[in-house]
Amino acid sequence: MKLTTAALATTLAASLASGAALAAEGKPAMEKCYGIAKAGHNDCAAGAGTSCAGTSKVDYQGNAWKLVKAGTCVTIKTPKGKGSLTPHA
């Protein structure tokens with residue numbers, strides 16, 4: 001049986017799409033967790049005085065966040081308390 005170029009392209013595209021979907025399913029859901037990042041280790045903009053990743057100035061800055069596995073943030077303990085799903089002072 002001879003495959004046409006269009007049929008081959010369709011088969012290849014479907015294979016790639018299903019592979020990408022499987023890869024996405026294998027990643028855990030993530031959430032922003034505030035107040036757990038060490039100075040310079042936040043994941044992105046942390047409010048006034050920061051521009052993006054790695055710019056927090058103090059350990060456990062309340063408005064600096066890191067991505068963590070969903071459902072774990074509020075269980076993370078720091079010297080300044082537990083992680084928070086919302087920014088704080």
Side-chain angles (χ1 to χ4, degrees):
M1 177 179 207
K2 204 174 193 182
L3 287 177
T4 66
T5 304
L8 183 58
T10 301
T11 302
L12 180 59
S15 295
L16 291 173
S18 65
L22 288 175
E25 288 175 12
K27 293 181 182 179
M30 303 296 279
E31 64 190 3
K32 288 181 183 180
C33 189
Y34 294 87
I36 64 165
K38 296 281 257 170
H41 292 274
N42 61 302
D43 279 337
C44 206
T50 64
S51 58
C52 206
T55 58
S56 60
K57 301 294 183 202
V58 296
D59 290 347
Y60 316 115
Q61 186 173 321
N63 63 349
W65 57 268
K66 288 194 70 66
L67 283 176
V68 298
K69 186 175 171 185
T72 64
C73 177
V74 295
T75 64
I76 298 172
K77 296 178 185 178
T78 75
K80 290 189 173 185
K82 293 187 177 182
S84 173
L85 296 173
T86 57
H88 52 88

When clusters are formed from ILVMFWY side-chain contacts under 4.5 Å, directly or step by step, what else is grouped with I36?
V68, I76
How would you list, by chain and number, every residue that makes a side chain to side chain donor-acceptor pair (under 3.5 Å) with T86, sequence neighbours excluded?
S84
Indicate the atoms forming the closest heavy-atom contact of L85 with C73, along with that distance.
CD2-CB, 3.7 Å
Hits for side-chain contact (heavy atoms from CB on, under 4.5 Å) against A70, two or more places apart or cross-chain, chain-then-number order -> A29, E31
Between G83 and C33, which heavy-atom pair has the shortest distance, and what is it?
CA-SG, 3.8 Å
Under the side-chain contact (heavy atoms from CB on, under 4.5 Å) rule, collect the residues that match up with K32, sequence neighbours excluded.
Y34, W65, L67
Beyond-backbone contact of V74 with K82, side-chain heavy atoms, under 4.5 angstrom:
no
Rounded to the nearest 0.5 Å, what separates atom NE2 in H88 from atom CG in N63?
8.5 Å
N42 side chain vs G54 backbone, donor-acceptor pair below 3.5 Å:
yes
With sequence neighbours excluded, residues passing salt bridge (Lys or Arg N to Asp or Glu O under 4.0 Å) with K80
none
Kindly state each residue pair satisfying salt bridge (Lys or Arg N to Asp or Glu O under 4.0 Å) with at least one member in residues 60-70, sequence neighbours excluded.
D43-K66
